Asker: 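Sharing a structure with you now.
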Amino acid sequence: MKLVIVESPAKARTIAGYLGEGFVVESSIGHVRDLPRSASDIPASYKGESWARLGVDTENDFKPLYVVPGDKKKQISKLKKLLKEADELYLATDEDREGESIAWHLYEVLSPRVPVKRMVFHEITPDAIRQSVSEPRDLDRRLVDAQETRRILDRLVGYEISPVLWRLVQPRLSAGRVQSPAVRIVVERERERMQFHSAEYWDLEGTFSAAGEAFVATLSALDGVRVATGKDFGADGAAKGSGHVVLDGAEAAALAADLADSDFAVRSVERKPYSRKPYAPFRTSTLQQEAGRKLRFTAQRTMRTAQRLYESGYITYMRTDSTALSEAAVAAARSQISQMYGAEYMPSKPRVYTSKVKNAQEAHEAIRPAGDEFRTPEAVARQVEADEARLYELIWMRAVASQMRDAKGESVQVRLGGVSASDRDAEFATSGKVISFPGFLRAYVEGSDDPDAELEDQERRLPAMAEGDPLGLERLDPKGHATKPPARYTEASLVKRLEELGIGRPSTYASIISTIQDRGYVWKKGSALIPTFTAFATVRLLEQHFGDLVDYGFTARMEQDLDEIAGGDGEMVPYLSAFYFGNGHTGLLDTVAEALDKADARAVNTIPFEGGDGLELRSGRYGPYLQRGEERVSVPEDLPPDELTLEVAEELFAAPSGDRELGTDPESGRTVMAKTGRYGPYVQLAMEEDEKGKPKTASLFKSMELDTVTLEDALTLLSLPRVVGDDPESGEEIQALNGRYGPYIKKGTDSRSLETEEQLFTITLEEALHVFTQPKRRRGQSASAPLRELGIDPDTGCAVVVKDGRFGPYVTDGGVNASLRKEDSVERIDIDRAAQLLRERRAKLEAQGKKVKPCPKAQNG
DNA sequence: CAGTGAGCGAGCTTCCGCTTGACTT
């Protein structure tokens, strides 16, 4: 038996059918080994290494530590079992950098004792598969090196720079070769919008008639000088260049009146043939863009739906950067064209699409209907769900249209004009388009991010006109226009931009969008991607200290270097060493150190704010806020940055967010306010402007909410502290109060927490005195009661127990404590594991030069 | 960012790129 391993289970099923008896086809389900993802993935024997967190031994030739992730272990043992029965192994993963690497990892993990062959194919057809079996090659170690270099570089960048963000911006943030430029693209667009000043300009829209047929034309020139359009204005709102005239509303209205009785005639008619080629079949990025524009799908929904179509055998592989069609696909498209649209829609020769995508690896075909005969959308719709049917139709239309003839027609430009009562020459222009042969447009019209551009695609007919023809004037309307800031990115346009820059891969476009949202860099309003204030702070830090990383050309340069490694003109270790330690330039390691040393957290988190003298916009621990002198006010997180104008800022200062009037305190006559502060929601007795001192405040109980708290609740809260009584021994007053850590009672400088907020009002003097006789202890915790007793630690001879603490469950021997790890649980942990954790903890304490407290028994003996 | 009294066990977060499922309700 010969064992063939491919990457995808669906592919394995198809190929198994083509190879038949004597072959078993299985899948690796993607990569089978990787650097440890998080601390819990690091084997215990490596935990102590200084480089364990990176998973790359930077001191020893960047040797990577590979582990088989938990979710892949089952598949590996399955493959191992099959390999025992096999007398030959074919590694048939994709023929690109990642595929070659998967093949190598499989080889390493399976350590086969039978002959191993590398087998590659680009088309999944019986012929292609049979041919590739008969023409195997060897593993390409250089290509594997290039992948490993890419993998390690990404790890070094991500895991060295992210901690800088934790220190200077916020914990849990992330930086990476791909995500950081993506965030920067969105931030830069928002910056442009923030700096944008709209310009107003006017023209005239005239309705004319020729031979009884009406049409519309726009004022294009006045006294021979071109009338300005949107393109003549800069982002600062000022007109740029010369040779045009800008009209304001009054001028436009005056001109309209002046032209009301003028005679108009056609001045020129210019006809041009019109022709348009179809679009290439889909690759991942264009599918995501079109599904976004036409079906309003997110990138994720598109990929999920395509995955189902692929698994059911309706379409070819959906993660591809190629627009190439196999011969069988071209034949299928052509036969469908002649059947459905007629032979005149079919070009004499098949169209060939060559990809212009940067860094394309082209391991697969374009995305198209599967098989040697395309199933019609109607046939597929009967068998699948709505989303799948719609996406299939889109894929089908695009693939079929790509092999159809060009659309043909004629476009016409008409100029017309007249002279006004005060002798001004006004020229108008209009254009039309007539399609004489629709060609591929019969099957497919591309969607657009810009609705105006989409309109252009429509046919527009004009009446028949010739130079010198007199025209009737039906009406003249002054039209005001305003220039608009560049549109925000959508998922579709961001994917397009990333692809243009060669950043990211087909398998990751959708997850890039998810990542930048999950990390809190970007949020969606409708389909627009809006950067958060955190994103501004992060991008600014990265621009100032890691300019190379967020440079849009970084990935392209890396790809060139990887190509050199793959081609034998470069080597991994010197390359990584230069990148990390530096070589005639500053390496990553020093750049990180310098950033930590020089960057000022306050400056980093301050976002430039136009026009606000003495006004600072900052991203802080509690979200974004504005500061002016001593005054501070929160900025709502869902306020798009470009809407934060000086005017809005003033409004925010005037009415701090979330404030609510609850009513009047009958005793003092003061207004009772509910507010949100640094420590959460609270109520307050308002004070007059000129009053001195501080207003009385009280935190809400946990059971209350800011939106629902009543005046009665507020008055109860504000009645605290309550005097419980006097201590008969010392004479000191005992008070019940609500504080930072919840309800408590206080006697002089001594205090004890209470169990419930209710007790603040019900506790008696006797009960309070009893509470004071007890030792201080944390809320809700009976005096250090262990969750479990594990027995005696063989290392120390002390009893070890599991306790629950602030940071979750931990084990302790009375001297040293150690938190349970992700892979541990209170129920399953045993004494051996606990002893191991304690050993590790002791070692770590010693390494940090801290004292290791011995456990009670060791102390005694 | 409103201001009021503890005592106590840290450890982990993060990258990019391949590929699918899932302890249960």
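Labels below follow one simple rule: chain letters A, B, ... track the order of the sequence lines, proteins then strands, and each chain is numbered from 1. Values reported hereafter were calculated over all heavy atoms of this structure, with side chains retained and with hydrogens, waters and symmetry mates removed. All values reported here derive from a predicted model rather than from experimental measurement.
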Asker: Supply the atom-to-atom distance A/E100 CD to A/E148 CD, rounded to the nearest 0.5 angstrom.
Answerer: 13.0 Å
Asker: Under 4.0 Å: is that the gap between some side-chain N or O of A/S174 and OP1 or OP2 of B/dC15?
Answerer: yes
Asker: Given 3.5 Å as the limit, does a donor-acceptor pair link the side chain of A/E733 with the main chain of A/V723, or not?
Answerer: no
Asker: For a quick test of reading the model: is some side-chain N or O of A/R505 closer than 4.0 Å to OP1 or OP2 of B/dC18?
Answerer: yes
Asker: Hey, is the side chain of A/R841 poking within less than 4.0 Å of OP1 or OP2 on B/dA10, counting only N and O atoms?
Answerer: yes
Asker: Could you tell me if A/T606 and A/R618 have a donor-acceptor pair between their side chains, going purely by distance under 3.5 Å?
Answerer: yes
Asker: Report yes or no: is the cationic atom of A/R155 (NZ for Lys, CZ for Arg) under 6.0 Å from the centre of the six-membered ring of A/Y159, at an angle within 45° of the ring normal?
Answerer: yes
Asker: When you get a sec, tell me which of B/dG11, B/dT14, B/dT19 is the closest nucleotide to the side chain of A/P163?
Answerer: B/dT14
Asker: With a 4.0 Å limit, can you tell me whether A/Q75 has a side-chain N or O closer than that to the phosphate oxygens OP1/OP2 of B/dT20?
Answerer: no
Asker: Taking only side-chain nitrogens and oxygens of A/R167, does any of them come within less than 4.0 Å of OP1 or OP2 of B/dT13?
Answerer: no
Asker: A/R53 side chain N/O closer than 4.0 Å to the phosphate oxygens (OP1, OP2) of B/dC12?
Answerer: no
Asker: Rounded to whole angstrom units, what separation is found between the OH atom of A/Y521 and the C1' atom of B/dT14?
Answerer: 9 Å
Asker: Does A/S38 put a side-chain nitrogen or oxygen below 4.0 Å from OP1 or OP2 of B/dT13?
Answerer: yes
Asker: Between B/dT19, B/dC15, B/dG17, which nucleotide gets closest to the side-chain atoms of A/I29?
Answerer: B/dT19
Asker: Select one nucleotide: of B/dC16, B/dA2, B/dT19, the one nearest the side-chain heavy atoms of A/S699.
Answerer: B/dA2
Asker: So if I take every side-chain heavy atom of A/R150 and compare against B/dT13, B/dC16, B/dT20, which nucleotide ends up nearest?
Answerer: B/dC16
Asker: Could you tell me if the side chain of A/R557 sits less than 4.5 Å from the side chain of A/D548, heavy atoms only?
Answerer: yes
Asker: OP1 or OP2 of B/dG17 sitting under 4.0 Å from any side-chain N/O of A/S507?
Answerer: no
Asker: Of the nucleotides B/dG17, B/dT20, B/dT19, which has the atom closest to the A/M318 side chain?
Answerer: B/dT20
Asker: I want to check one thing: is the phosphate of B/dC18, taken as OP1 and OP2, less than 4.0 Å away from some side-chain N or O of A/R97?
Answerer: no
Asker: Kindly state whether the pair A/W166 / B/dT13 counts as stacked, where counting means centroids closer than 5.5 Å and planes tilted less than 30° apart.
Answerer: yes
Asker: OP1, OP2 of B/dT20 versus side-chain N and O of A/S8: anything below 4.0 Å?
Answerer: yes
Asker: Looking only at N and O atoms, is any donor in the side chain of A/R319 or the base of B/dC18 less than 3.5 Å from an acceptor on the other one?
Answerer: no
Asker: OP1, OP2 of B/dG17 versus side-chain N and O of A/Q147: anything below 4.0 Å?
Answerer: no
